[in-house]
Amino acid sequence: MFKKVLVANRGAIAVRIIQAIQELGLTAVAIYSTPDERSLHLHWADETYHIPGEVPQDTYLNIHAILDIAKKSKVDAIHPGYGFLSENAEFAEKVNKAGITFVGPSPEAIRSMGLKTEARRIMQLANVPIVPGYQGEDRSTKTLLDKAEEIGYPILVKASAGGGGKGMKIVQVPSELETAVESAKREALKAFGDDTIYLEKYLEEPRHIEVQILGDHSGNIIHLFERECSIQRRHQKILEEAPSIFLTPKIRENICCAAVNAAKAVNYVNAGTVEFIVDKFHNFYFLEMNTRLQVEHSVTEMTTGVDIVKLQLKIAAGESLPFSQNEILQKGHSIEVRIYAEDPVNNFLPSTGIIRFLEPPIGVNIRNDLGIHAGVPVTLFYDPLLAKLTVFDSTRTTAIEKLKWAIDRYGISGIRTNIPFLREIVNHPEFIKGNTTTNFIEKFFSNWNVPHQSIPDEAFALAALSEYINQEKSEYHSSVDFESDPFSPWIGE
Amino acid sequence: MFKKVLVANRGAIAVRIIQAIQELGLTAVAIYSTPDERSLHLHWADETYHIPGEVPQDTYLNIHAILDIAKKSKVDAIHPGYGFLSENAEFAEKVNKAGITFVGPSPEAIRSMGLKTEARRIMQLANVPIVPGYQGEDRSTKTLLDKAEEIGYPILVKASAGGGGKGMKIVQVPSELETAVESAKREALKAFGDDTIYLEKYLEEPRHIEVQILGDHSGNIIHLFERECSIQRRHQKILEEAPSIFLTPKIRENICCAAVNAAKAVNYVNAGTVEFIVDKFHNFYFLEMNTRLQVEHSVTEMTTGVDIVKLQLKIAAGESLPFSQNEILQKGHSIEVRIYAEDPVNNFLPSTGIIRFLEPPIGVNIRNDLGIHAGVPVTLFYDPLLAKLTVFDSTRTTAIEKLKWAIDRYGISGIRTNIPFLREIVNHPEFIKGNTTTNFIEKFFSNWNVPHQSIPDEAFALAALSEYINQEKSEYHSSVDFESDPFSPWIGE
Amino acid sequence: MKEFYYEVNQEITKVTIQKIGNHVWKAIVNERELTIHLDDRQSTRLDVRINGRGYHCHIDTQGNDRFISWKGSTYALRRVDSLASHVQNLDNVKEKDFEPEIRSPMPGKVVKIHVQEGDIVVAKQPLLILEAMKMEYVITAPKDCIIQKILFHENDQVDLGNTLITLTLKNE
Amino acid sequence: MKEFYYEVNQEITKVTIQKIGNHVWKAIVNERELTIHLDDRQSTRLDVRINGRGYHCHIDTQGNDRFISWKGSTYALRRVDSLASHVQNLDNVKEKDFEPEIRSPMPGKVVKIHVQEGDIVVAKQPLLILEAMKMEYVITAPKDCIIQKILFHENDQVDLGNTLITLTLKNE
């Protein structure tokens, strides 16, 4: 096993990986950008290194700086988390060349799956069904317009290196195509350092269902069943669950089997996810393979009892999978919601500020993955994902009961979050029925506004009490220039 | 289903039951004694009622007052939790007579199992093996001395109504018997309102293994497998786990089957636990049946995925068990430790005070059951159990890794706790090997002292920073009589 | 005896509060009387008993915004000076249905400007693109209008509320 | 420049601390230099950067006890006036190997007194029983001695440190 592992990430996923490293008795090394000086992952890491700079290109995407730190701190391995460099084949290659283990698949697997066009070719060879599209290298406006016409509108413009909804645009009519392509390229360049895009048929009323894969260096590849991640807002996943209530046992077997075949086609090692689009007739199409850990891995962990991140480290260290496919059972139901720094009152625009207090719900079968802490600033430089809330119960119905309870008890202040929106989703009758297609939000929340909240008398009384005390305090101390320095440590209360 | 349920308890278990009630969409009613005015269970309940008084006899054991509140608040059911009135047949009877559902077994089952002597008689009839002992009504010193001689020393003096180690004393030699009996009676009277005691053979090097039972009103009785609770200090459980690594699959089947038979012998309904003593030859003896929820139910919940408390409510409302025995699987490994307000530096004497801050470890497969919150006073009136920390992982080894991580990250101040002791237990090589007999603590920790903690330089620097700021502050405000009132709300910081 | 006013969803609630003892207050809200014992105050956290029952609350003050966390939910109130002043404010807002300037709805970076000063644009036409947290947001024209001034350049950082573009209605 | 002393396990650690800027201090502990930026202080919580790296800590002060929560663990230090004064205290303690009084090791209730004033008792003999949190604790004689005074009755409440019984050594 390794002795020391560097986490090339930030936020909730860095915290989660640091825990896994430390549980295994290893030393966890964190990196941080300048705006992240006070971030939670530093608090928990065993060693920390600063990469001066703000934007991702200078910091968490800075391959050179990260490799320097990895060498200086003498780590055995680097875990990239998700986002940032997690699907960057060049990075994986350079890590390996430096004699350090990259916790993930081979650079070749990342490269072939990371280029969606290449991935589709491989899947076609492996007889995994794919969605019609155009991945040609001629990306002139004219060609793209022609190809879009062939595939048929609506069309999805997607970033080849993409993921997480970045660099993804729907085009309903030809006149929108050029602007969409331009915007997708810009977003892709920012997010992934690569502005290659491709076109794909946009399936209406589809579900997004993905299969978690684990492969070891001895050639064993197993799946940990599926997750359904259909509920997305602007291609950003909001709520994920396992199992999908849409799949029959037979279709589940088929889709999981297709996923294992897809992984075998690239001799896949470590954790990965094969994403499918499933239409209402249960036809499923390969969408893409994410050659990394995913945000929503927690719902798989809760329904299978497998700690995926600890296994990633063990696999990377050369250990074989400790169980065979038939020892993996999918049990109960788990749902995750993502807490974003987005203000639903203000059209989901990003919200920034310092977290003033944070009291996530604590209870039976409630899991919190936190990237924040009271006192931590939320800046505009990185992804707005602050935390994840995951629940487990024996059935979907009781898991929803628990999720409602938990969302209603999520105490956070200092920034605005999408919690009021999440509350509405889990209370929506169509969600409860399981009618969760990828256009769920467009369909049921297109003209949504934050509902008027009924405020208990106690909240008003507490606000007034607080004013009363503050007025009394300032009268009492009127002779002293008590609050002239807003950062004075003794007026922090 | 009910509409409104009263929780006749306090602390972490009241908080846990309130969550279950609220998840089911029902209204949770809490009661509280005078010292509990600021307790956490009030914070979460939907309605709260005060029972003036401090000691349990006047408050949480006050049947009359609790029934009055139940009628006044028009509840449909009362959940007694554990301890207090949970095994009081008279209470269950009076609740039922008032037309309210008692969330638990019938008063008859409580009575027959609650009287350990009667329980032993029933088990003998059902061919469940029992430990040799004396349960006669002649409890004169002479008779007890004679019977003890017959059974053979060491002897255990136990309270008939007991549980949780209260009213339980070991006697090594005849001369200690009388004092032990007297003390056991006093403790039993205080804790359970009944000073009946009995004698039992004290088995050396035994393990405490218990089986969780669930029965419904349709006569279905199933088990949720075993828990091992051998690690006890002064008969107070400290650490519990599921499964027991000591049992072979065959013995596991036998002991679970014996437990179901025991429950069937009294037509058991709702959640209960059949406790066994297992000797080193895998012989098991019936010890007692706890006709209530147990503190350590969380390890069973984590390994079976069943929410026992929600099921208790559903069963009490007349629903049938939603699954059959063969649908219940025991998966992975779970360990719970109990956080007590006991000072290990000061011979484990109770520690009281106000919780100044509390940051329990948050992480993957880590469960916190909390009865406390920053700002809550811990008094001497009730049980010193503050909170439980439960972890889950796929194997015992990895669960221990996680537990170590979590114990090392349990932030609490304001009172002293047994956390340093728990840390030593989970790091002890004999615990890691699984050599967990009930005399584990006596054997390996008899002359234990809190080890010298190595203090990081940062902790000293932070302490000094705090002194510096406080001195500067008091110099700055020397003209104002700023801190004359220790409860002044604006010097709270 | 003090009075405070809070606005939520354009409705005003008045709270009357009076100190009636050492760390005890009486508040009247919606004709309901609440006796509040303040047991402890630590930073944003208030430990109180309201009508005898304990709560651990948080109060976060940001300008006139009050975020009250009570029993797990966080409620957002806005303190206003009085019933009258606020209603007037609301009236002002209601009278205007066209704002002659577009303000930035968030802090972020201007990544693209689609228009030039003097351009005539139609309602919903994209004017510029802001970026924050790796996502792009398109700012569109509220009505058919004429672009007067563009106050930022591409790649400029803007703050919440900065005026980005001034406009006049096309038919004015 | 200020100096503070802390005792842990009877060892004294000296900390030198100096304010070197606005919300910045330099501390020297065990010859190691730590630069501390104070970003925020809320009640017991201190948000600091130590040598550039952020931590969310808690500091709880109870008399001379300091409970420092740093990276999840809580450390107990005891502030002492100086190196000299403390060592002297320790010496005083060491000289005494018999305390002529038994103090209550915890707050609780006296449930049973086994002895009377004037009784001669042997080492480890039970003298009285205290109860707290529903558990009983037996107070025993430290050596062979004579009971001088019993300061409480059965059912009395006692606080931590209250003298319960005074004693003299039997052979004195």
Side-chain angles (χ1 to χ4, degrees), chain A residues 56 83 164-166 179 182-183 186-187 190-191 234 236 340-343 345-353 356-357 359 361 374 379-384 405 408-414 416 419 452-453 455-472 492-493, chain C residues 2-4 6 8-9 11 13-17 19 25 27-30 32 34 36 38 41-46 48 50 55-62 66-77 79 105-109 111-112 126 129-138 160:
Chain A
K166 265 108 199 174
T179 315
E182 204 185 323
S183 170
R186 258 197 318 274
E187 281 189 23
K190 290 262 166 48
R234 300 177 56 193
Q236 192 189 44
Y340 285 113
E342 293 178 342
D343 185 359
V345 176
N346 190 13
N347 199 27
F348 292 93
L349 293 177
S351 171
T352 59
R356 294 273 294 164
F357 67 81
E359 289 195 346
T379 67
L380 278 174
F381 297 104
Y382 314 108
D383 196 275
W405 186 91
D408 278 342
R409 284 157 187 85
Y410 209 106
I412 183 167
S413 178
R416 305 279 188 160
I419 290 174
H452 285 189
Q453 196 181 18
I455 312 250
D457 297 339
E458 284 82 354
F460 288 109
L462 287 166
L465 172 64
S466 162
E467 322 289 354
Y468 193 107
I469 293 170
N470 286 335
Q471 284 189 3
E472 213 175 43
E493 50 139 10
Chain C
K2 299 185 184 213
E3 287 178 2
F4 300 101
Y6 298 95
V8 179
N9 303 329
E11 274 180 27
T13 301
K14 173 178 156 183
V15 185
T16 311
I17 186 163
K19 195 164 185 172
W25 285 261
I28 296 170
V29 189
N30 296 324
R32 205 173 133 218
L34 305 168
I36 312 176
L38 180 61
R41 183 169 174 235
Q42 301 276 343
S43 168
T44 62
R45 204 187 81 222
L46 266 74
V48 299
I50 302 182
Y55 297 102
H56 307 285
C57 320
H58 285 273
I59 300 190
D60 179 15
T61 297
Q62 293 182 19
R66 302 287 177 268
F67 300 95
I68 317 288
S69 180
W70 181 74
K71 295 192 74 183
S73 286
T74 303
Y75 301 98
L77 321 180
R79 185 172 166 197
M106 61 176 186
K109 191 166 112 179
V111 290
K112 183 88 185 166
I129 298 176
L130 284 178
E131 188 207 71
M133 287 177 176
K134 295 195 289 175
M135 296 292 279
E136 293 195 348
Y137 298 85
V138 179
L160 171 75

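Note on naming: letters A, B, ... go to the chains in the order of the sequence lines (proteins, then strands), and numbering restarts at 1 for each one. Bear in mind that the values here come from a model prediction, so they are computed numbers and not experimental data.
The salt bridge (charged side-chain N to carboxylate O under 4.0 Å, His left out) search around C:Lys112 returns A:Glu182, not counting sequence neighbours.
Considering only heavy-atom pairs separated by less than 4.5 Å from chain A, the leading option among C:Glu3, C:His58, C:Gln62, C:Arg32 is C:His58. Top candidate by heavy-atom pairs under 4.5 Å with chain C, chosen from A:Ala374, A:Pro456, A:Gly353, is A:Pro456. Ranked by non-hydrogen atom pairs under 4.5 Å with chain A, the options C:Lys109, C:Arg79, C:Lys71 are led by C:Arg79. Options A:Thr352, A:Leu465, A:Thr379, A:Ile412 differ in how many heavy-atom pairs under 4.5 Å they form with chain C, and the most are formed by A:Leu465.
The parts of A:Ser413 that come within reach of chain C are both its backbone and its side chain, each placing non-hydrogen atoms under 4.5 angstrom from that chain. Heavy atoms of C:Ile129 lying under 4.5 Å from chain A belong exclusively to its side chain. Of the two parts of A:Glu359, only the side chain, counted from C-beta on, holds a non-hydrogen atom closer than 4.5 Å to a non-hydrogen atom of chain C. Contacts between A:Ser351 and chain C at a heavy-atom distance below 4.5 Å involve the backbone alone (N, CA, C, O). Only the side chain of C:Leu34 comes within contact range of chain A, with heavy atoms under 4.5 Å apart. For C:Val138, no part sits under 4.5 Å from any heavy atom of chain A, backbone or side chain. Residue A:Phe460 touches chain C through both its backbone and its side chain, counting heavy-atom pairs closer than 4.5 Å.
Of all the heavy atoms in C:Ile59 and A:Ala463, the pair that sits closest is CD1-N, 4.2 Å. Considering all non-hydrogen atoms of both residues, C:Cys57 and A:Leu462 come closest at SG-CD1, 3.6 Å. When all heavy atoms of C:Thr61 and A:Ser466 are compared, the pair lying nearest together is OG1-OG, 4.5 Å. C:Tyr75 and A:Ala459 make their closest contact through CD1-CB, 4.1 Å (heavy atoms, listed as atom of the first residue, atom of the second, distance). Here the closest heavy-atom approach between residue A:Tyr468 and residue C:Phe4 is recorded as N-CZ, 3.9 Å. Closest heavy-atom contact between C:Ala76 and A:Ile455: O-CD1, 4.1 Å.
The CD atom of A:Glu458 lies 5.0 Å from the OH atom of C:Tyr55; values are rounded to the nearest 0.5 Å.
Classification of C:Glu131 and A:Arg186 as a salt-bridged pair fails, no side-chain N sitting under 4.0 Å from a carboxylate O.
Looking at C:Val15 and A:Glu467, their side chains never come closer than 4.5 Å, going by heavy atoms from C-beta outward.
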Might you work through the side-chain contact (heavy atoms from CB on, under 4.5 Å) test for A:Ile419 and C:Thr74, ending with a clear yes or no? CA-CA 10 Å; A:Ile419 290 174; C:Thr74 303; over 6 Å; no
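The backbone N or O of A:Asp408 sits less than 3.5 Å from a side-chain atom of C:Ser73, completing a donor-acceptor pair.
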